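Have a look at the structure below, then the notes.
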Amino acid sequence: MADMKRMAGRRVLVTGGAGEIGHAVARRLADEGAAIALLDIDRDKLDAVADRFAGQDVEITRHVCDVTDAAAVADTVSAIERHAGPIYALFNNAGYQGAFAPVHQYPGEDFARVMQINVTGAFHILQAVSARMVATGGGAIVNTASMAGVSGPPNMPAYAASKSAMIGLTLTAAKDLAPHAIRVNAVSPGFIGPGFMWERQVEQQAAADSPYYARDPATVADQMIASVPMARYGQLEEIAGVVAFLLSDDASYMTGTNLPIAGGGQ
Ligand SMILES: NC(=O)c1ccc[n+]([C@@H]2O[C@H](COP(=O)([O-])OP(=O)(O)OC[C@H]3O[C@@H](n4cnc5c(N)ncnc54)[C@H](O)[C@@H]3O)[C@@H](O)[C@H]2O)c1
């Protein structure tokens, strides 16, 4: 499927581009012919991921940027356009899972941090990029929400609230930007693994001492998988395929959707 070249001649900005889902999506879009601008706050991880594209026939640029810093985001987006060219598509994906604690004990500072990265940061990127897309005549955007934003997993009040907000932001942005030929959709991954977020989630839920999960990570992993009708976690490539579809012209009549990628689970 990746031998399709649906993104030939198109530049895509991938935020959280040094992370697991960001990397997988960048890989898939590059395979489909896209030029890639990878953005992340973590310089070392960003270099490691970008270096993995070396020697391949892919135009790739790397951008260290904190999405919570509106001025830095504006500067980065204009630098990409100045030095590389117009951004046709955006995968708005940088995110932070937050602490694991029930709502009555959740650390307030961490709640603010989760909202700052996952909501305000996503808004900064969405605003800066969509303003350029309005000027250049259109584009496509995918925001990374989560099943947590509709199911409300225990011990994750900040993350769940932030991902619900991402869904709301997607719905309004789709309406605001449709007159400018910009489509805006969201994806909501469920349990995706293996990887940092999966391992961390399993460990932290086990440590949260709640009535919902066992106290050891291996049993928590089994409990989570047992809640998924397809009885497994999703692979990174299974996110990448859906994002590539939504950013391509194959999804030309789709905007304002939030697609679950969760094996039938919540
Ligand atoms: N992995 C899952 O199971 C899962 C499920 C649902 C949703 N998601 C969402 O998918 C997205 C990607 O997650 P992932 O699994 O690849 O995790 P990850 O931790 O591997 O990637 C997240 C990336 O975002 C970057 N980032 C964090 N704060 C930033 C900031 N302020 N500015 C710029 N970059 C920043 C991190 O450095 C990291 O590289 C996140 O939005 C996450 O909430 C993941």
Side-chain angles (χ1 to χ4, degrees), residues 13-28 37-50 62-73 75-77 90-98 110 112-126 128 142-153 156 158-167 169-170 186-205 221 224-225 227-228 232-240 242-243 258-263 265-266:
L13 173 60
V14 176
T15 78
E20 282 158 356
I21 291 176
H23 179 199
V25 167
R27 162 62 53 206
R28 172 64 188 253
L38 280 183
L39 182 155
D40 206 283
I41 195 172
D42 187 326
R43 181 182 297 275
D44 292 343
K45 269 174 50 185
L46 186 61
D47 283 342
V49 166
R62 56 190 88 179
H63 310 275
V64 178
C65 177
D66 180 350
V67 297
T68 69
D69 181 341
V73 166
D75 286 351
T76 300
V77 167
L90 166 66
F91 183 42
N92 194 8
N93 166 71
Y96 165 55
Q97 214 173 26
D110 193 76
R113 183 167 173 233
V114 171
M115 298 304 276
Q116 193 65 23
I117 296 171
N118 293 3
V119 184
T120 310
F123 165 73
H124 291 154
I125 292 281
L126 180 62
V142 171
N143 293 323
T144 306
S146 169
M147 290 309 289
V150 285
S151 69
M156 300 180 78
Y159 188 73
S162 75
K163 294 302 188 179
S164 291
M166 189 63 133
I167 294 166
L169 183 60
T170 302
V187 290
S188 280
F191 298 127
I192 306 303
F196 173 72
M197 280 210 179
W198 167 256
E199 306 297 341
R200 184 172 183 272
Q201 180 168 208
V202 162
E203 281 163 19
Q204 298 278 319
Q205 287 289 22
M224 287 180 178
I225 296 302
S227 73
V228 177
R232 64 175 176 85
Y233 52 56
Q235 312 281 324
L236 294 168
E237 294 72 22
E238 292 174 308
I239 309 295
V242 177
V243 175
N258 170 35
L259 294 189
I261 313 173
Q266 291 291 302

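Predicted model only: the values in this text are computed from it and were never measured. In each ligand, atom 1 is the first atom listed, and ligand 1 is the first ligand listed.
Only the backbone of Ala145 comes within contact range of ligand 1, with a heavy atom under 4.0 Å; no side-chain atom does. Only the side chain of Lys45 comes within 4.0 Å of ligand 1, judged by heavy-atom distances.
Nearest to atom 30 (C) of ligand 1 by heavy-atom distance, out of Val114, Val67, Asn118, is Val67. The heavy atom nearest to atom 3 (O) of ligand 1, out of those in Ile239, Ile192, Leu236, is found in Ile192. Nearest-residue assignment for atom 36 (C) of ligand 1 (options Thr15, Asp40, Leu38, Leu46; heavy-atom criterion): Asp40.
The shortest contact between atom 19 (O) of ligand 1 and any protein heavy atom is with Phe196 CD2, 3.7 Å. The protein heavy atom nearest to atom 21 (O) of ligand 1 is Gly19 CA, 3.3 Å. Remark: minimum distance from atom 9 (C) of ligand 1 to any protein heavy atom is reached at Thr144 CG2, 3.5 Å. For atom 17 (O) of ligand 1, the nearest non-hydrogen atom of the protein is Met197 CE, 3.5 Å. Ranking the protein heavy atoms by distance from atom 22 (C) of ligand 1 puts Gly95 O, 3.7 Å first.
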request  = Show your working on side chain to side chain contact (heavy atoms under 4.5 Å, CB included) between Ile41 and Thr68 and close with a plain yes or no.
outcome  = CA-CA 10 Å; Ile41 195 172; Thr68 69; over 6 Å; no
task = Show your working on side chain to side chain contact (heavy atoms under 4.5 Å, CB included) between Glu199 and Val202 and close with a plain yes or no.
result = CA-CA 5 Å; Glu199 306 297 341; Val202 162; 5.7 Å; no
ask   = Going through the checks in order, is the side chain to side chain contact (heavy atoms under 4.5 Å, CB included) test met by Phe123 and Val73?
value = CA-CA 10 Å; Phe123 165 73; Val73 166; over 6 Å; no
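Glu238 contributes no side-chain N or O that, together with a main-chain N or O of Ile261, makes up a donor-acceptor pair within less than 3.5 Å. No donor-acceptor pair closer than 3.5 Å links the side chain of Asn143 to the backbone N or O of Ile167. The backbone N or O of Ala94 lies less than 3.5 Å from a partner atom in the side chain of Thr15, making a donor-acceptor pair. Of the possible polar contacts, one joining the Glu20 side chain to the Phe196 backbone as a donor-acceptor pair under 3.5 Å is found. A donor-acceptor pair under 3.5 Å is absent between the side-chain atoms of Lys163 and the main chain of Gly152, judged by distance alone. Of the possible polar contacts, one joining the Ser151 side chain to the Gln266 backbone as a donor-acceptor pair under 3.5 Å is found.
Between the CG atom in Asn258 and the OG atom in Ser164 there is a gap of 9.5 Å [rounded to 0.5 Å]. Annotation: the span from Asp69 atom CG to Thr76 atom OG1 amounts to 8.5 Å, rounded to 0.5 Å.
Polar contact check, Ile117 against ligand 1: no nitrogen or oxygen pair lies under 3.5 Å apart. An N or O contact shorter than 3.5 Å is missing between Gln201 and ligand 1 by distance. Any N or O atom pair closer than 3.5 Å counts here, and Glu20 shares at least one such pair with ligand 1. Between Lys163 and ligand 1, an N or O atom pair is found at a separation short of 3.5 Å. Annotation: Tyr96 places no N or O atom under 3.5 Å from an N or O atom of ligand 1; distance criterion only. Residue Ile41 has at least one nitrogen or oxygen atom sitting less than 3.5 Å from a nitrogen or oxygen atom of ligand 1, judged on distance alone. The shortest N or O to N or O distance between Ile21 and ligand 1 is under 3.5 Å. Where the criterion is an N or O separation shorter than 3.5 Å, residue side chain and backbone included, Tyr159 meets it with respect to ligand 1. Backbone and side-chain nitrogen or oxygen atoms of Thr68 are examined, and none is located within less than 3.5 angstrom of a nitrogen or oxygen of ligand 1. An N or O contact shorter than 3.5 Å links Asn93 to ligand 1 by distance.
Of all non-hydrogen atoms in Tyr233 and Phe191, the two that sit nearest each other are CB-O, 3.3 Å.
Less than 4.0 angstrom separates some heavy atom of Ala94 from each of these atoms of ligand 1: 24 (O), 34 (N), 35 (C), 41 (O). Atoms of ligand 1 lying under 4.0 Å from any heavy atom of Asp66, numbered from 1 in the order shown and given with element: 30 (C), 31 (N), 32 (N).
Residue contacts with ligand 1: Gly121 is excluded, as none of its non-hydrogen atoms falls under 4.0 Å. Between Gly190 and ligand 1 there is a heavy-atom distance shorter than 4.0 Å. Using 4.0 Å as the threshold, Trp198 has no heavy atom nearer than that to any atom of ligand 1. Contact analysis puts Cys65 in contact with ligand 1, with a non-hydrogen atom separation below 4.0 angstrom.
Other residues, nucleotides and ligands contribute at most 12 non-hydrogen atoms within 6.0 Å of the CZ atom of Arg43.
Checked against Val187 for a side-chain contact (heavy atoms from CB on, under 4.5 Å), the options Asn93, Ile21, Val243 give a single hit: Val243.
Two residues are said to be in side-chain contact when any heavy atoms from C-beta on lie closer than 4.5 Å; Gln204 and Gln97 fail this criterion.
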